[in-house]
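So the structure is just underneath, and the comments pick up after that.
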Amino acid sequence: MWRRRLGALLLRSPPSSSSTAASSLQHRRHHLLPTQEPLALNRLARLFTSQAGSDGDGGHSQKPFIAFVLGGPGSGKGTQCTKIASDFGFAHLSAGDLLRHEIASGSEKGELILDIIKQGRIVPSEITVELIRKAMEMSNANKVLIDGFPRCEENRVAFERIVGTEPDIVIFFDCPEDEMVKRLLGRNQGRVDDNIETIKKRLKVFESLNIPVVDYYSSRGKVHKMSSYIVVIRGTWLANIKWLNCCKRDMNQGYM
Ligand SMILES: Nc1ncnc2c1ncn2[C@@H]1O[C@H](COP(=O)(O)OP(=O)(O)OP(=O)(O)O)[C@@H](O)[C@H]1O
Ligand SMILES: O=c1ccn([C@@H]2O[C@H](COP(=O)(O)O)[C@@H](O)[C@H]2O)c(=O)[nH]1
Ligand SMILES: [Mg+2]
């Protein structure tokens, strides 16, 4: 009963088909793996609370449990990571936020980073990996979500070489392009890259450079593909009605 009420609360209006800048972009779906249904999502929740060292005591010498969180721009990585971090006790390290902090520090590196972010390109691996490595060390956490990294194969190789480990899992938020554009244009956080020109570039970079990283980890059985329409409430993943309808349609079309 409570689930049904929550489902109703999560009901959102269907996407508008108006001729926004978003609608000119193709709606693409990635078919690397089937998107997981709600019960399967809760297996991930169990993984977080069992295998992921939840009984650790913080100050430890063991390698932390690492989850890379990937997805296109605006797919909801930051939003979901905030919830996962508070529900499951993960440290949340956003690569984009670390880069923005570096810009805010006024360093010389920050100027280079700002220029790259404005163009929707990828910051050199040594810079990003070093920021992540330091943040991991400072957090001293035994469970870490690394949000929005690695962006490309070169990032991935640099992380594995410098930090000396692979992620335990990769969470991939699958989101249609028109939804991502709509979310980014409505985000309203004053980000220099939330404008349609940069968004188009970020989407191209995502398709050409980030998807190969997801493919690589898929081939190693590490990817948990999730719908970007899910929400996490008190440790339980719930799908909203719009996503369930989307799944039904996909099943009818033989996608799942
Ligand atoms: N499930 C959702 N339904 C609707 N809007 C959402 C959902 N998840 C996140 N949003 C909104 O979409 C916008 C983008 O979300 P978020 O910042 O989490 O994305 P992101 O993947 O971290 O993006 P970026 O790669 O640009 O950092 C935010 O305004 C957020 O509130
Ligand atoms: O590993 C990374 C992460 C981010 N960038 C650059 O920052 C922006 C914004 O990142 P978000 O994750 O969307 O906050 C991204 O478009 C890249 O330009 C990066 O180079 N490497
Ligand atoms: Mg983000």
Side-chain angles (χ1 to χ4, degrees), residues 9-16 22 41 68-85 92-104 109-110 112-133 135 145-159 162-163 171-195 197-210 213 226-233 237-244 246:
L9 280 175
L10 299 172
L11 178 67
R12 298 179 330 128
S13 51
S16 130
L41 301 179
F68 283 163
V69 182
L70 299 177
S75 58
K77 301 179 295 294
T79 307
Q80 301 292 353
C81 281
T82 303
K83 292 172 177 166
I84 296 170
H92 172 197
L93 307 181
S94 154
D97 285 351
L98 291 170
L99 293 168
R100 283 183 285 272
H101 284 145
E102 189 63 32
I103 295 171
K109 242 187 273 169
L112 168 75
I113 296 169
L114 176 60
D115 195 42
I116 293 173
I117 287 184
K118 277 185 185 165
Q119 298 175 49
R121 293 190 294 116
I122 296 173
V123 173
S125 298
E126 319 82 69
I127 296 181
T128 316
V129 174
E130 195 47 26
L131 290 172
I132 293 172
R133 193 194 60 74
L145 296 171
I146 301 185
D147 163 5
F149 179 92
R151 288 304 237 253
C152 59
E153 278 291 284
E154 199 217 330
N155 273 181
R156 176 185 72 71
V157 172
F159 180 91
I162 296 169
V163 179
I171 303 173
F172 172 60
F173 286 104
D174 186 31
C175 193
E177 270 191 8
D178 53 358
E179 175 73 12
M180 294 195 268
V181 175
K182 193 177 78 181
R183 288 183 190 181
L184 292 173
L185 292 176
R187 181 156 56 182
N188 232 357
Q189 286 177 358
R191 276 179 52 165
V192 292
D193 51 352
D194 279 352
N195 58 78
E197 289 75 29
T198 313
I199 290 169
K200 283 182 182 168
K201 289 181 192 156
R202 289 158 72 194
L203 286 167
K204 275 197 187 137
V205 167
F206 167 66
E207 283 291 336
S208 58
L209 299 178
N210 203 187
V213 177
M226 325 269 267
S227 161
S228 64
Y229 292 112
I230 58 154
V231 289
V232 187
I233 296 179
W237 267 284
L238 298 161
N240 69 19
I241 303 299
K242 180 174 148 192
W243 178 46
L244 288 177
C246 215

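In each ligand, atom 1 is the first atom listed, and ligand 1 is the first ligand listed.
Checked for salt-bridge contact, Asp97 and Arg100 meet the test: a charged N lies under 4.0 Å from a carboxylate O. Lys201 has no carboxylate O lying under 4.0 Å from a charged side-chain N of Glu197, or vice versa, which leaves the two without a salt bridge.
Taking every heavy atom of both residues into account, Pro150 and Arg156 meet most closely at CB-N, 3.5 Å. When every heavy atom of His92 is checked against every heavy atom of Ala85, the shortest pair comes out as CB-CB, 4.0 Å. Across all their heavy atoms, Ile171 and Met226 have their closest contact at CG2-CG, 3.6 Å.
Distances between N or O atoms of Ser75 and those of ligand 1 include at least one value under 3.5 Å. Distances between N or O atoms of Gly186 and those of ligand 1 include no value under 3.5 Å. Distances between N or O atoms of Arg191 and those of ligand 1 include at least one value under 3.5 Å. Some N or O of Thr79 is nearer than 3.5 Å to an N or O of ligand 1, by distance alone.
Contact check for Leu99 versus Ile116: no side-chain heavy atoms found under the 4.5 Å cut-off.
Heavy atoms of Gly96 stay at 4.0 angstrom or farther from ligand 1. The closest approach between a heavy atom of Pro73 and any atom of ligand 1 is below 4.0 Å. The closest approach between a heavy atom of Gly72 and any atom of ligand 1 is below 4.0 Å. Contact annotation: Leu184 has at least one heavy atom less than 4.0 Å from an atom of ligand 1.
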| said: Could you walk me through whether Lys204 and Glu207 satisfy the salt bridge (Lys or Arg N to Asp or Glu O under 4.0 Å) test, starting with their C-alpha distance in whole Å, then the side-chain angles of each, then the deciding distance to 0.1 Å, before giving a yes or no? | reply: CA-CA 5 Å; Lys204 275 197 187 137; Glu207 283 291 336; over 6 Å; no

| Do Arg121 and Asp193 pass the salt bridge (Lys or Arg N to Asp or Glu O under 4.0 Å) test, and can you show the C-alpha distance, the side-chain angles, and the key distance before you say yes or no? | CA-CA 10 Å; Arg121 293 190 294 116; Asp193 51 352; over 6 Å; no

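Residue contact check: Ser228 has heavy atoms under 4.0 Å from atoms 1 (N) of ligand 1. Of all the atoms in ligand 1, the ones that sit under 4.0 Å from a non-hydrogen atom of Gly78 are 18 (O), 20 (P), 22 (O).
Comparing heavy-atom distances from atom 12 (O) of ligand 1 across Arg183, Arg202, Arg187, Lys77 singles out Arg183 as nearest.
In this structure a side-chain-to-backbone donor-acceptor pair under 3.5 Å is present from Lys77 to Gly71. Within the 3.5 Å criterion, the main-chain N or O of Ile162 finds no donor-acceptor partner in the side chain of Arg133. Side-chain atoms of Arg151 do not come within 3.5 Å of backbone N or O of Leu209 as any donor-acceptor pair.
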Considering only N or O atoms, set out every pair between ligand 2 and the protein closer than 3.5 Å, with distances to one decimal place.
{"unit_1": "ligand 2", "atom_1": "1 (O)", "unit_2": "Gly148", "atom_2": "O", "d": "3.4"}
{"unit_1": "ligand 2", "atom_1": "10 (O)", "unit_2": "Arg151", "atom_2": "NH2", "d": "3.4"}
{"unit_1": "ligand 2", "atom_1": "12 (O)", "unit_2": "Arg151", "atom_2": "NH1", "d": "2.9"}
{"unit_1": "ligand 2", "atom_1": "12 (O)", "unit_2": "Arg151", "atom_2": "NH2", "d": "3.3"}
{"unit_1": "ligand 2", "atom_1": "13 (O)", "unit_2": "Arg151", "atom_2": "NH2", "d": "3.3"}
{"unit_1": "ligand 2", "atom_1": "13 (O)", "unit_2": "Arg191", "atom_2": "NH2", "d": "3.1"}
{"unit_1": "ligand 2", "atom_1": "14 (O)", "unit_2": "Arg100", "atom_2": "NH1", "d": "3.1"}
{"unit_1": "ligand 2", "atom_1": "14 (O)", "unit_2": "Arg100", "atom_2": "NH2", "d": "2.9"}
{"unit_1": "ligand 2", "atom_1": "14 (O)", "unit_2": "Arg191", "atom_2": "NH1", "d": "3.3"}
{"unit_1": "ligand 2", "atom_1": "14 (O)", "unit_2": "Arg191", "atom_2": "NH2", "d": "3.3"}
{"unit_1": "ligand 2", "atom_1": "18 (O)", "unit_2": "Arg121", "atom_2": "O", "d": "2.5"}
{"unit_1": "ligand 2", "atom_1": "20 (O)", "unit_2": "Val123", "atom_2": "N", "d": "2.7"}

